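What you see below is based on every heavy atom in this structure, not just the backbone, and it leaves out hydrogens, waters and symmetry mates. Quick caveat, the model's predicted, so the values are computed rather than measured.
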Amino acid sequence: EWSFAALRVQPGESALDIGSGTGSETRALAAAVTASGRAIGLDPNPGMALLARERTEEDGSTAQFVVGDAYSLPFPENRLDVVRSERVFQHLSEPDRAVAEVVRVLRPGGRGVIVDSDWGTAIMHPGDPLVLQKIMGVMLAHTANPHSGRLLPGQLTAAGLVVEDVGSEALIQDPADVTGPLVQMMTAAAVAEGAITDAQRETLLDQLTGRARSGD
């Protein structure tokens with residue numbers, strides 16, 4: 001809601017959603033620009049783009065989808081009114097190149113919103129602090145741009161964009177899903193890397209589950 005309010009999308013405008021995934025946000029952009037505008041989702045995964053097209057057809061949306069990456073946006077200079085990107089830059093080893101592409105395709109006066117994670121702010125509780133530190137160490141090492149969130153304002157400003165607003169939001173895991181897919185993935189990766197043992201992983205998962213039930 002914050003990102004869409006900041007974009008101030010208007011009917012008739014051209015909007016790009018970088019890393020569009022299943023296309024839900026691109027469809028929201030399409031609704032905002034109406035049939036007189038154009039909303040395009042871009043994703044590097046052909047299968048994801050196909051899924052987005054299928055869901056869009058089911059919804060009767062005018063959103064369009066193309067396969068491509070953030071380093072080479074398939075648009076001429078100064079063409080787009082709006083660019084949106086969510087949780088893409090954390091995966092980019094060269095984020096400055098992607099920022100330069102956003103600057104290139106936006107028209108003068110165009111608007112952009114880039115939302116991304118900062119894994120350096122992640123906290124897991126409870127658990128052995130040393131085990132938790134090793135798990136987060138593996139996560140940071142295996143993410144191309146793990147501190148993207150804190151770096152974006154400086155990167156965008158250096159590229160010539162004017163940063164009008166910076167916001168943040170803490171994602172707090174639902175206690176009912178405290179050992180859900182994200183935690184399972186992070187702890188399994190730490191075991192695979194040899195950072196922690198299977199026994200340490202099981203102990204941590206048991207601690208998280210038990211303490212969530214007791215309200216901690």
Side-chain angles (χ1 to χ4, degrees), residues 2-4 6-7 14-26 29 38-52 63-122 134-171 182 185-186 189-190 192-193 195:
W2 169 80
S3 67
F4 270 92
L7 284 171
S14 295
L16 171 65
D17 183 21
I18 301 174
S20 50
T22 60
S24 59
E25 303 308 310
T26 314
L29 287 172
R38 188 182 184 197
I40 304 156
L42 178 139
D43 200 279
N45 186 327
M48 196 64 75
L50 177 61
L51 177 61
Q64 303 170 23
F65 297 91
V66 297
V67 176
D69 65 67
Y71 296 138
S72 182
L73 300 178
F75 301 95
E77 295 181 4
N78 305 324
R79 176 58 60 90
L80 302 175
D81 300 291
V82 170
V83 172
R84 181 185 182 281
S85 172
E86 181 178 341
R87 290 175 291 174
V88 171
F89 276 66
Q90 63 184 308
H91 302 296
L92 302 180
S93 57
E94 299 178 85
D96 289 341
R97 284 181 58 196
V99 171
E101 278 292 275
V102 170
V103 173
R104 183 182 67 80
V105 300
L106 272 177
R107 66 165 177 78
R111 291 96 60 205
V113 165
I114 300 179
V115 179
D116 227 296
S117 306
D118 189 328
W119 287 102
T121 66
K134 289 179 176 179
I135 292 169
M136 288 310 306
V138 171
M139 184 70 185
L140 291 171
H142 283 263
T143 304
N145 186 20
H147 302 113
S148 177
R150 73 184 71 175
L151 299 175
L152 277 169
Q155 291 169 337
L156 298 172
T157 301
L161 295 171
V162 176
V163 178
E164 294 183 341
D165 191 15
V166 177
S168 68
E169 182 175 358
L171 170 64
L182 178 59
M185 180 270 292
M186 292 171 64
E193 286 288 310

### Task
Tell me, please, which residues at least two apart from Glu86 pass side-chain hydrogen bond (donor to acceptor under 3.5 Å, both in side chains).
Arg84
### Query
Do Asn145 and Glu94 have side-chain heavy atoms sitting under 4.5 Å apart?
no
### Query
What are the two closest non-hydrogen atoms of Val99 and Ala159, and how far apart are they?
CG1-CB, 3.4 Å
### Query
Partners of His142 by side-chain hydrogen bond (donor to acceptor under 3.5 Å, both in side chains), sequence neighbours excluded?
Glu193
#### Entry: NE2-OG distance between His91 and Ser148, expressed to the nearest 0.5 angstrom
9.5 Å
### Arg150: side-chain hydrogen bond (donor to acceptor under 3.5 Å, both in side chains) partners, not counting sequence neighbours
Asp118
### Message
Could you tell me if the side chain of Met139 sits less than 4.5 Å from the side chain of Met185, heavy atoms only?
### Response
yes
### Task
Mind listing the closest non-hydrogen atom pair of Ile135 and Met186 along with its distance?
CG2-O, 4.0 Å
### Query
Would you say the side chain of Phe89 lies within less than 4.5 Å of the side chain of Leu151, judging by non-hydrogen atoms?
no
#### Entry: Heavy-atom side-chain proximity of Thr22 to Met48 below 4.5 angstrom
yes
## Note on the structure
Ala122 meets the side-chain contact (heavy atoms from CB on, under 4.5 Å) criterion, sequence neighbours left out, with Trp119, Met136
### Message
Quick check: closest heavy atoms across Val166 and Pro153, and the distance to 0.1 Å?
### Response
CG2-CG, 4.1 Å
### Query
Minimum heavy-atom separation for Leu7 to Val83, with atom names?
CD2-O, 3.8 Å
### Query
Excluding sequence neighbours, so at least two apart, what forms side-chain contact (heavy atoms from CB on, under 4.5 Å) with Pro74?
Leu42, Val66
### Summary
Of Ile114, Val105, Val102, the one forming a side chain to side chain contact (heavy atoms under 4.5 Å, CB included) with Ile18 is Val102
### Task
To the nearest 0.5 angstrom, please state how far the CG atom of Asp116 sits from the CG atom of Leu152.
6.0 Å
### Query
Gly41 and Ser20: which non-hydrogen atoms are nearest, and at how many Å?
C-OG, 3.3 Å
### Query
Are any non-hydrogen side-chain atoms of Trp2 and Val115 less than 4.5 angstrom apart?
yes
### Message
Could you work out, with side-chain contact (heavy atoms from CB on, under 4.5 Å) as the rule, every residue matching Ala63, not counting sequence neighbours?
### Response
Thr26, Arg27, Ala30, Thr56, Ser61, Phe65
### Task
Return the set of residues passing side-chain contact (heavy atoms from CB on, under 4.5 Å) with Asp96 (not counting sequence neighbours), or none when no residue passes.
Gln155
### Message
According to side-chain hydrogen bond (donor to acceptor under 3.5 Å, both in side chains), does anything in residues 63-73 pair up with another residue at least two apart or in another chain? List the pairs.
### Response
Arg38-Gln64
## Note on the structure
Taken in chain and number order and not counting sequence neighbours, the residues that satisfy salt bridge (charged side-chain N to carboxylate O under 4.0 Å, His left out) with Glu169 are none
### Task
Provide the full list of side-chain hydrogen bond (donor to acceptor under 3.5 Å, both in side chains) pairs with a residue in residues 100-114, sequence neighbours left out, each pair given once.
Glu13-Arg111, Asp81-Arg107, Glu101-Arg104
### Taking every non-hydrogen atom, the tightest pair across Val113 and Ala6
CG2-CB, 3.9 Å
### Message
Quick check: do Leu161 and Val163 have side-chain heavy atoms less than 4.5 Å from each other?
### Response
no
#### Entry: Gly21 backbone acceptor or donor facing Asp43 side chain under 3.5 Å
yes
#### Entry: Partner set under salt bridge (charged side-chain N to carboxylate O under 4.0 Å, His left out) for Arg79, not counting sequence neighbours
none
